[in-house]
Participant: 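Dropping a structure here in structure tokens format, bear with me for questions.
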Number of protein chains: 2
Amino acid sequence: MQYRPVAINLADRPKASQCHDCGARHIGLCGALSDDDLALLTRVAQSIAVAAGQLLVDEGAPAAHFFNINRGTVRLFKSLPDGRRQITGFMGVGQFLGLKVTTQPPAGAVYAFGAEAIDDVQLCRFGRAGLISALEDFPALEHRLLAVASDELVAAQDQMLLLGRKTARERLASFLLAWAAQTHHLPADAIHAGAALAVPMTRTDLADYLGLTIETVSRTLSQLRRDGLVAIHGAHEIALLKPREIAAIAHNLAG
Amino acid sequence: MQYRPVAINLADRPKASQCHDCGARHIGLCGALSDDDLALLTRVAQSIAVAAGQLLVDEGAPAAHFFNINRGTVRLFKSLPDGRRQITGFMGVGQFLGLKVTTQPPAGAVYAFGAEAIDDVQLCRFGRAGLISALEDFPALEHRLLAVASDELVAAQDQMLLLGRKTARERLASFLLAWAAQTHHLPADAIHAGAALAVPMTRTDLADYLGLTIETVSRTLSQLRRDGLVAIHGAHEIALLKPREIAAIAHNLAG
DNA sequence: CGGGACTTTGAGCTTTCTCAACGATGGTGG
DNA sequence: CCACCATCGTTGAGAAAGCTCAAAGTCCCG
């Protein structure tokens with residue numbers, strides 16, 4: 001059974017026409033827009049619920065939409081024909097989704113990744129053509145999109161370093177810090193000790209994200225626990241007891 | 001000694017004010033601009049020569065410029081304090097460089113990567129502030145930049161799949177195809193059999209790009225040669241004898 | 001022609017993977 | 001309400017891909 005952290009309260013589902021209620025109103029892409037601009041954008045937006053485990057974006061399908069996540073967590077991935085899978089990122093509240101497309105001469109833009117809901121997800125869906133034409137009227141939106149793309153590129157470089165050159169222990173340490181920072185909307189060096197970290201993804205997800213096997217993820221987490229660096233409460237909650245030491249492992253520092 | 005594929009002819013160095021002469025005039029970013037627009041852009045551009053092996057961009061330094069490569073090949077990389085290095089990409093003629101920056105509250109934008117010239121490189125350098133303000137006047141340029149960023153994101157996902165989930169043999173096959181496609185400005189399925197491929201980078205570069213050691217790169221290339229898939233002439237020229245079979249290995253296909 | 005840097009090949013080792021069994025957890029139906 | 005069952009996670013033992021250490025070979029370039 002998929003992990004479901006909270007029951008969805010149907011009464012407070014954000015509607016695209018009610019952006020001011022939305023948990024993502026002031027972060028990410030929407031945070032860059034004025035109320036007036038946002039009101040115009042809602043013309044091309046729909047609010048959509050996606051249940052845990054459901055496919056949201058199919059790799060290779062025509063890219064018809066952009067998405068903005070308002071609740072829950074999404075995994076992005078690429079697959080090989082024999083079933084090997086690489087998760088390329090986890091997207092949370094406020095994050096924008098859909099830039100990674102390839103333009104193929106006959107078919108037009110197709111998604112270069114798959115996306116699935118890890119837990120129950122609520123998101124805004126924008127028609128691709130509509131949003132792109134809206135860029136003409138909102139240069140601030142395009143600036144913001146470029147900034148989003150730039151941030152994702154930086155994160156992608158970091159992940160390449162992790163996948164190409166880090167040990168299993170370093171990978172887990174890097175992930176825990178980065179995930180805590182992303183979850184709490186904080187810089188990685190501002191994580192405070194002992195705070196509980198929700199980890200909605202399964203061990204299989206972690207393995208496919210970190211380029212390891214599920215067994216190595218499990219063993220390495222157990223080792224971090226034995227070393228007193230983390231506390232593990234069930235499979236989906238981890239407390240970072242010593243963030244500085246975890247950071248030292250992640251970034252290969254002396255301390 | 002660094003590899004130097006051709007002597008630089010000093011007489012035909014492109015100047016920013018002579019874009020029409022430039023080898024990159026009709027590809028990449030500049031290809032998206034009219035002659036008139038380009039003429040305006042040259043205000044913020046300088047033509048720069050960088051010798052093989054020279055550092056072009058220092059990771060963590062303030063991001064003062066964007067670059068566009070007119071000749072030669074550049075490696076982008078990230079490093080760990082103990083010397084481990086991950087090359088995140090190789091940039092060739094016509095490619096644009098400098099989007100991958102992190103904005104740090106006190107310092108402003110800093111480069112999130114290092115860059116070095118692999119062979120002798122000729123490039124256009126744009127003042128960052130100047131180019132960004134130019135975006136106001138040239139929305140087409142910003143569209144193009146977003147498209148460049150999107151393409152790089154797609155390539156980054158592919159590389160994560162390679163680093164996280166592919167075998168050494170699959171990594172080399174993937175690299176050879178992708179490099180041939182990039183070099184010849186062709187789609188990967190249009191590589192023709194037997195064509196010589198210039199590989200200016202060293203085995204160490206390949207290892208640091210593919211998440212392997214230099215020995216594994218060498219052994220795996222030798223194996224591809226023994227299997228009749230490639231021909232190796234010296235260290236820096238490889239002919240793809242059977243591109244289809246190489247593609248089958250790279251993408252884990254049945255054929 | 002000599003020497004340094006780069007590449008190739010070999011042998012043994014280590015990290016991580018694979019295969020297997022056991023344990024925990026949470027939802028479901030009796 | 002509790003026992004069952006499926007799924008997920010943990011731990012162990014052996015195997016393997018790729019790494020490390022070492023030595024010989026090659027290629028430039030002076």
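All values below were derived from every heavy atom in this structure, side-chain atoms included, with hydrogens, water molecules and symmetry-related copies excluded. Throughout, protein chains are lettered first and strands after them, A, B, ... in sequence-line order, and every chain is numbered starting at 1.
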Participant: On the 0 to 90° scale, with breaks at 30° and 60°, tag the A/His184-A/His192 ring pair as parallel, tilted or perpendicular.
Facilitator: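 Plane angle under 30°, so parallel.
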Participant: May I ask you to decide if A/Tyr209's main-chain N or O and A/Gln159's side chain share a donor-acceptor pair within less than 3.5 Å?
Facilitator: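 Confirmed, A/Gln159 side chain pairs with A/Tyr209 backbone.
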Participant: Whole angstrom is fine here: how far is it from CZ in A/Arg203 over to P in C/dT25?
Facilitator: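 In whole Å, C/dT25 P lies 12 Å from A/Arg203 CZ.
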Participant: Can you check the A/His233 NE2 to C/dG26 P distance for me, whole Å?
Facilitator: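 Checked: the NE2 to P distance equals 14 Å.
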Participant: In whole Å, I'd like the distance from the CG atom of A/Leu206 to the C1' atom of C/dC17.
Facilitator: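 Atom-to-atom, A/Leu206 to C/dC17, this comes out as 17 Å.
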Participant: Are any side-chain N or O atoms of B/Gln122 and backbone N or O atoms of B/Ile69, one a donor and one an acceptor, separated by less than 3.5 Å?
Facilitator: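 It does not hold such a pair.
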Participant: Expressed as a whole number of angstroms, how long is the span from A/Leu212:CG to C/dT18:P?
Facilitator: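 After rounding, the reported distance stands at 11 Å.
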Participant: Which residues within residues 165-180 of chain B lie with some heavy atom under 4.0 Å of an atom in DNA chain D?
Facilitator: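 DNA chain D contact set from residues 165-180 of chain B: B/Thr167, B/Ala168.
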Participant: My understanding is that only one of A/His251, A/Arg169, A/Lys166 makes a side chain to side chain donor-acceptor pair (under 3.5 Å) with A/Ser174; could you say which?
Facilitator: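 That would be A/Lys166.
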Participant: Angle class for the B/Phe175/B/Phe90 ring planes (parallel below 30°, perpendicular above 60°, tilted otherwise)?
Facilitator: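 Perpendicular.
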Participant: Round to a whole Å and report the spacing from CD1 of B/Ile232 to P of C/dT8.
Facilitator: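 It is 6 Å, rounded to the nearest whole Å.
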Participant: Distance check needed: D/dC27 P versus B/His236 NE2, whole Å only.
Facilitator: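 Rounded to the whole Å, the gap is 12 Å.
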Participant: Here's a test for you: under salt bridge (charged side-chain N to carboxylate O under 4.0 Å, His left out), which of A/Arg203, A/Arg75, A/Arg85 qualifies with A/Asp208?
Facilitator: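 Going through A/Arg203, A/Arg75, A/Arg85 one by one, the salt bridge (charged side-chain N to carboxylate O under 4.0 Å, His left out) with A/Asp208 is satisfied by A/Arg85 alone.
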Participant: Nearest-Å distance, CG (A/Leu210) to C1' (C/dC17)?
Facilitator: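 Distance, rounded to whole Å: 15 Å.
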Participant: Could you check which residues of residues 215-228 of chain A get a heavy atom under 4.0 Å from DNA chain C? Sort them by number, please.
Facilitator: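 Those residues are A/Glu215, A/Thr216, A/Arg219.
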Participant: Report the distance from atom CD1 of A/Ile214 to atom C1' of D/dC8, rounded to the nearest whole Å.
Facilitator: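 Rounding to the nearest Å, CD1 of A/Ile214 and C1' of D/dC8 are 7 Å apart.
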